[in-house]
2 protein chains.
Amino acid sequence: MYKEGIIDLFPYLCQVTFMPSRDQKKSRVTLLDVARRANVSRATASLVIRKSPLVGSETRARVEEVMRELGYVYNMGAARLRAERSHTVGVIVPNLTNPFFAELLSGIEAMIDEAGLVVILANSGDLPDRQDAVMQRMREHGVDGVILCPAAGTEPTYLRRVAEWNLPLVQALRQISDEADYAGVDYAGGMHQAVDYLVSLGHRRIAFAVHGPIHSAYHERISGFGEAMQSHGLGADMIIRVPNQLGGIASSANLLLNRPDPPTAVICFNDVIALGLSAGLYDCGVKVGSDFSLIGFDDVTDAEAMRPRLTSVSTAPATIGNNAARLLLNRLADPLRPPERIVQQTQLHIRQSCGPAMIAAV
Amino acid sequence: MYKEGIIDLFPYLCQVTFMPSRDQKKSRVTLLDVARRANVSRATASLVIRKSPLVGSETRARVEEVMRELGYVYNMGAARLRAERSHTVGVIVPNLTNPFFAELLSGIEAMIDEAGLVVILANSGDLPDRQDAVMQRMREHGVDGVILCPAAGTEPTYLRRVAEWNLPLVQALRQISDEADYAGVDYAGGMHQAVDYLVSLGHRRIAFAVHGPIHSAYHERISGFGEAMQSHGLGADMIIRVPNQLGGIASSANLLLNRPDPPTAVICFNDVIALGLSAGLYDCGVKVGSDFSLIGFDDVTDAEAMRPRLTSVSTAPATIGNNAARLLLNRLADPLRPPERIVQQTQLHIRQSCGPAMIAAV
DNA sequence: ATCTGCATTTAGATCGATCTAAAAACTTTT
DNA sequence: AAAAGTTTTTAGATCGATCTAAATGCAGAT
């Protein structure tokens, strides 16, 4: 194949030096070029890139030197074809715009990057059909595994089907099946913290304001709310749906107040709702923190900047992302390990948006 | 998996049928399998996937049927090796956590996805060194092109170096070099809109509150502010740096008020600052919208939910993302076209945070 | 029957790495 | 000095697609 051409002034170098304009497309430096130049075989050069301990230190140094000299760029694509490993991980989220998912993604990316892999991103729009299309695309691109934040309405059988493809998958935030790894939050626990706190302030008529698509995280919060209320001997029938858009939420605040038996406190499904209701209550002339109590969920950075500062249950999305990524990396290392769950605890961050219940109300 | 056909002349099928457990890793369905089964050559099957008009319609139908039957999955990796095209685009942002970049990313992803490509995501942390590392990784993964939101401190020579790699690159939001495509916003124009509006309300002592890393978008806003002020015969010397973290911004509001010659209005570098100052001014007992005027920049969704509602210069990050993606796709289609710039106009969204200047102040 | 033109189809080389199994180059032991 | 053991290096096959250039089949024209 390649001849042991002694130092024949290196055809490659000449090419680069003398015809820099024509090497537009063709002249990619390959491992073979490196090998020839360093007087070793392709195989040895390959071992050097992969930092194998098999190669002699003097040889390694020489090869590395040549790689630098020629400006060699590793061709992951070629490697993947042979090695059946792409060093690529798919991440599918329902919505990039929501800061919550953005933070989740940020946590995932940091960990995946640290492991030397790369994130392929896709947006499912919370639509199972699009999610499936996107998943196919990931498969075609040969991702080593997928972190999926399942779209609302994803069936457990769907995850089983993915498993049949031999595609490692981690569920994030929403748990569809217990046969796959899962990284999430103890939403129910968070609801308990919120309810307990409000009850300790004397509130008894507590509403839960929700919106958005229905998925496991949704159910878990609803049922957590129910249980927590029940544990205090209270009814959990005030579950109020508000619009999805921030603008609409504010204007639905008066619906809360004009009920026959209005609540004295509201727990919000997320901070977006809390932000909207806070604005809406302000518009109604209600003073949040004294006249009325409000608790958010997620504890996004805005919570600190609101006036009054928002008391919120923090779910640390970046940490969840970290956990999800770690789960996937572990599974890639050992595909046969049993499914694992990492369910993170929430923390109630008490600020100013809650006050003692006004007894006069009844 | 799929059941045996009636006519099992096909060795491939036998293999699958008789040793379904062992095919865990090995038995990937390849184009050759499809071709054999459909009684055509590998080449023809390849043409079918790529929707070439060269194949007869009857043949096409048969091959497609077989592909479905065998559950064939296209191997992009193999294709890319030969075709030198990965259908992959790198996107590098300084920070995923900032909702502004999240929206930008969302806009990019939507367009790239529509074109049938896939986004490889990376975070530069606004650090040139990390940015370079990440860029190398992208190169190794063979991305067809990169959309880069350059880290603060990126040198023009760096972009030239990238060009030498024959790696198509689009700059987003921050323009380092005019030799590469650029998608951004007319920041200076936005500053003019803000200043003009405040001046029309009678304000003359207008401050500009800034923070964050120094980059082209920063300079452009600063100089836009200067020019706009000057065009009204006003001095632009009140440029005030506030902390980067939301928490710290609020507490720096009183610095504004305690100056020897305090401003009557502040334009903020972005909505995060506006949000923080709004809270801080509230803490000081100052009524934003009547006692004091505040203008944000970016017009994120929160602007609508603040009280008073925030007047803000909208920059439509998702649209910028769209533009950036479109520029890249155009360049991939024709690498030799001259560099193009898409600079989007801003729009002043007037809400409630500004009022007429109080004449008593002097 | 032969030729020309057109639409289809195909064999075989190829992309750039990794893998396997074995050879070569050194040590150390006998 | 030969044998045995270790460390390093390597030839050649291989991954699964695409590309090139040529072959095939089938009209209608000669």
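Nothing here was measured: the structure is a model prediction, and the numbers come from that model.
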| said: Using every non-hydrogen atom in the two residues, find where B:Ile320 and B:Leu173 come nearest and quote the distance to one decimal. | reply: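 The pair with the smallest heavy-atom distance is CD1-CD2, 3.7 Å.
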
Nucleotide nearest [X] when distance is taken to its side chain, options [options]:
X	options	value
B:Asn75	C:dC15, D:dG16, C:dT8	D:dG16
B:Ala78	D:dG16, C:dC15, C:dT18	D:dG16
A:Leu47	D:dT9, C:dA17, D:dG16	D:dT9
B:Leu31	C:dG16, D:dT9, D:dT18	D:dT18
A:Ser41	D:dC15, D:dT10, C:dT9	D:dT10
A:Leu81	C:dT9, C:dG16, D:dT10	C:dG16
A:Tyr74	D:dT18, D:dT9, C:dA17	C:dA17
A:Arg42	D:dA13, D:dT18, C:dT9	D:dA13

Tell me the interatomic distance from [X], atom [atom1], to [N], atom [atom2], rounded to whole angstroms.
X	N	atom1	atom2	result
B:Asp33	D:dG16	CG	C1'	10 Å
B:Glu84	D:dT20	CD	P	12 Å
A:His87	C:dG16	NE2	P	19 Å
A:Arg62	D:dT8	CZ	P	14 Å
B:Glu58	D:dG25	CD	P	16 Å
A:Leu54	C:dT18	CG	C1'	13 Å
B:Arg36	C:dT10	CZ	P	14 Å

| Which part of the nucleic acid, if any, lies within contact of B:Thr30, taking any heavy atom under 4.0 Å across all strands shown: a base, the sugar-phosphate backbone alone, or nothing? |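 The answer is sugar-phosphate, as B:Thr30 gets under 4.0 Å only of primed atoms, P, OP1 or OP2.
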
| B:Arg80 near the nucleic acid: base, sugar-phosphate alone, or nothing, with a heavy-atom cut-off under 4.0 Å? |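 Counting heavy atoms under 4.0 Å across all strands, no contact is made by B:Arg80.
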
| message | I'd like to know if the side chain of B:Gln131 and the backbone of B:Ala151 have a donor-acceptor N/O pair within less than 3.5 Å. | response |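 Confirmed, B:Gln131 side chain pairs with B:Ala151 backbone.
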
| request: Answer yes or no: are there more than 12 heavy-atom neighbours, outside A:Gln136 itself, under 6.0 Å from its atom CD? | output: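 Above 12, so yes.
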
| DNA chain C: B:Arg60 or A:Ala83, which has the more 5' nearest nucleotide? |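 Taking each residue's closest nucleotide, the earlier one in sequence belongs to B:Arg60.
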
| B:Arg82 or B:Ala43: which one's nearest nucleotide on DNA chain C is closer to the 5' end? |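 Counting from the 5' end, the first nearest nucleotide belongs to B:Ala43.
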
| request: Output yes when at least one side-chain N/O atom of A:Thr59 is less than 4.0 Å from OP1 or OP2 of D:dT9, else no. | output: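 Answer is yes, contact under 4.0 Å.
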
| field | Short side-chain N/O contact to D:dA17 OP1/OP2 from B:Ser46, under 4.0 Å | value |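 Checking D:dA17 against B:Ser46, no side-chain N or O comes under 4.0 Å of OP1 or OP2.
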
| task | Apply side-chain hydrogen bond (donor to acceptor under 3.5 Å, both in side chains) to B:Ser46 and B:Arg50, showing your working. | result | CA-CA 6 Å; B:Ser46 176; B:Arg50 285 177 289 157; 2.7 Å; yes

| query | Salt bridge check: are B:Arg37 and B:Glu69 linked by an N-O gap of less than 4.0 Å? | reply |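 Yes, this pair counts.
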
